[in-house]
Amino acid sequence: MTAAVFLTEDFTADDEGRLLLTGPEGRHAVSVKRLRAGEPLVLTDGRGRWAECEVLAAEGKDRLTVRRGPVRQEEPESPRLTVVQALPKGDRGELAVETMTETGVDAIVPWAASRCITQWKGERGLKALGKWRATAREAGKQSRRVRFPEVAEAMTTRQVAGLLAGADLAAVLHEDAAVASRALATAELPTGGGIVLVVGPEGGVSPEELALFAEAGAEPYRLGRSVLRTSTAGTAAAALLLGRTGRWS
């Protein structure tokens with residue numbers, strides 16, 4: 001098991017390399033993880049900066065003193081993988097974010113597709129977006145990442161088309177007897193740049209959306225014979241792509 005990961009925005013240590021971790025992260029380290037002197041941990045800002053540390057002392061319920069090692073920078077992965085996720089019902093959106101984060105997706109874009117039952121509006125939308133971002137943060141820590149996926153604000157179909165137009169590979173997961181599609185496992189992958197993958201809602205991507213995405217250069221692809229729920233399709237497709245690009249090697 002690799003060292004547990006904790007978030008910090010401040011890597012400042014004293015002259016002896018000591019740093020104090022407090023607040024929610026300190027509480028989690030002391031009261032939940034029960035870290036003790038001599039144990040390792042990793043501090044990160046979730047944007048690629050990180051440092052290996054050693055616990056010196058745990059005090060009270062939320063104060064952890066560590067000796068900080070050198071602060072390092074993890075460069076972004078290539079090709080960059082962005083998944084446009086249609087809004088699922090209930091808490092299945094958070095499930096999708098959690099598993100895609102653990103898999104290694106670099107960015108997640110909520111999409112208000114025309115056939116989505118769930119729609120983000122006003123305070124409800126802000127709350128839902130906050131949950132997605134919190135889920136990505138916690139899943140990033142759990143999976144020992146130091147660069148967490150970016151969770152963008154919800155996009156319209158036209159905004160998604162603009163995103164697809166700038167991708168080195170633009171793909172829409174879609175399986176319909178009336179629409180010709182290729183197996184994602186056979187797609188020609190870029191060696192760098194960005195891949196944008198669209199995952200539609202349970203009701204599928206509408207013909208109008210498919211047409212707009214095609215104008216942006218996106219092609220329809222399928223995963224296999226079985227039909228996956230929208231909350232699991234992105235994770236399955238991401239695993240396939242990351243394995244083929246060599247990022248899982």
Side-chain angles (χ1 to χ4, degrees), residues 81-136 138-139 149-164 167 169-185 187 195-216 218-242:
L81 176 57
T82 298
V83 176
V84 177
Q85 174 66 60
L87 305 178
K89 295 184 292 184
D91 60 359
R92 298 195 71 86
E94 288 131 74
L95 172 64
V97 171
E98 179 180 53
T99 54
M100 285 192 288
T101 298
E102 293 172 356
T103 303
V105 168
D106 301 296
I108 300 168
V109 177
W111 172 38
S114 63
R115 292 178 176 173
C116 285
I117 295 175
T118 299
Q119 294 292 329
W120 288 2
K121 295 180 180 178
E123 289 297 322
R124 179 183 179 183
L126 292 175
K127 184 178 180 180
L129 178 61
K131 285 183 177 181
W132 280 35
R133 287 175 170 168
T135 298
E138 294 307 312
E150 302 167 17
V151 180
E153 294 190 6
M155 287 190 179
T156 65
T157 297
R158 288 202 173 274
Q159 288 173 323
V160 171
L163 191 64
L164 290 166
L169 171 64
V172 181
L173 284 185
H174 186 74
E175 187 165 7
D176 188 329
V179 178
S181 62
R182 292 194 292 153
L184 188 61
I195 299 171
V196 177
L197 175 73
V198 175
V199 179
E202 297 293 348
V205 181
S206 73
E208 295 78 15
E209 290 165 340
L210 277 177
L212 189 61
F213 294 161
E215 289 179 11
E219 295 185 41
Y221 290 88
R222 62 185 182 277
L223 279 173
R225 294 181 179 179
S226 60
V227 177
L228 279 68
R229 301 196 68 163
T230 184
S231 54
T232 54
T235 299
L240 172 63
L241 292 172
L242 292 173

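Each residue takes its place number in the sequence, starting with 1.
- Among pairs with a residue in residues 113-127, those fulfilling side chain to side chain donor-acceptor pair (under 3.5 Å) read S114-E209, at least two apart in sequence or across chains.
- Under the 3.5 Å distance criterion, the side-chain polar atoms of E102 are left unmatched by any main-chain donor or acceptor of A139.
- Across V109 and A152, no two heavy atoms sit closer than the pair CG2-CB, 4.2 Å.
- Atom CE of M155 sits about 5.0 Å away from atom CG of L163, to the nearest 0.5 Å.
- Taking CG of L173 as the start and CG of L223 as the end, the distance is 5.0 Å to the nearest 0.5 Å.
- Listed here is the closest heavy atom pair of A185 and L240: N-CD2, 3.8 Å.
- Considering every non-hydrogen atom in both L87 and P110, the closest pair reads CD2-CB, 3.8 Å.
- The shortest heavy-atom contact between P149 and A107 is CB-N, 4.3 Å.
- Distance check: E153 CD to Q159 CD gives 9.5 Å after rounding to the nearest 0.5 Å.
- Taking CZ from R182 and CZ from R222, the interatomic distance works out to 9.5 Å, rounded to the nearest 0.5 Å.
- Smallest separation of non-hydrogen atoms from C116 and A86: SG-CB, 3.8 Å.
- Once rounded to the nearest 0.5 Å, the distance linking CD of Q85 with CE of M100 reads 4.5 Å.
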Could you give me the CA-CA distance, side-chain angles and deciding distance for L212 and V160, then say whether side-chain contact (heavy atoms from CB on, under 4.5 Å) is met? CA-CA 10 Å; L212 189 61; V160 171; over 6 Å; no
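- In this structure, the side-chain hydrogen bond (donor to acceptor under 3.5 Å, both in side chains) partners of T99, at least two apart in sequence or on a different chain, are T235.
- With respect to T135, the side-chain contact (heavy atoms from CB on, under 4.5 Å) criterion is satisfied by exactly one of V97, D91, T101: V97.
- Looking at D106, its side chain never comes within 3.5 Å of a backbone N or O of T82 through a donor-acceptor pair.
- Pairing each heavy atom of V105 with each of A238, the nearest pair is CG2-CB, 3.6 Å.
- Across V84, L210, V199, a single residue satisfies side-chain contact (heavy atoms from CB on, under 4.5 Å) together with V172, and that is L210.
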Could you check V196 against F213 for side-chain contact (heavy atoms from CB on, under 4.5 Å), going step by step and ending with a plain yes or no? CA-CA 11 Å; V196 177; F213 294 161; over 6 Å; no
Step by step, work out the side-chain contact (heavy atoms from CB on, under 4.5 Å) result for L169 and Y221. CA-CA 12 Å; L169 171 64; Y221 290 88; 4.1 Å; yes
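- No more than 12 heavy atoms of other residues, nucleotides or ligands shown are found within 6.0 angstrom of CD1 on I117.
- In this structure, CG on L197 lies 9.5 Å from CG on L164, to the nearest 0.5 angstrom.
- At distances below 3.5 Å, at least one donor-acceptor pair connects side-chain atoms of T230 with backbone N or O atoms of G200.
- With a 6.0 Å radius and a threshold of 12 heavy atoms from other residues, nucleotides or ligands, R158 has its CZ atom at or below the threshold.
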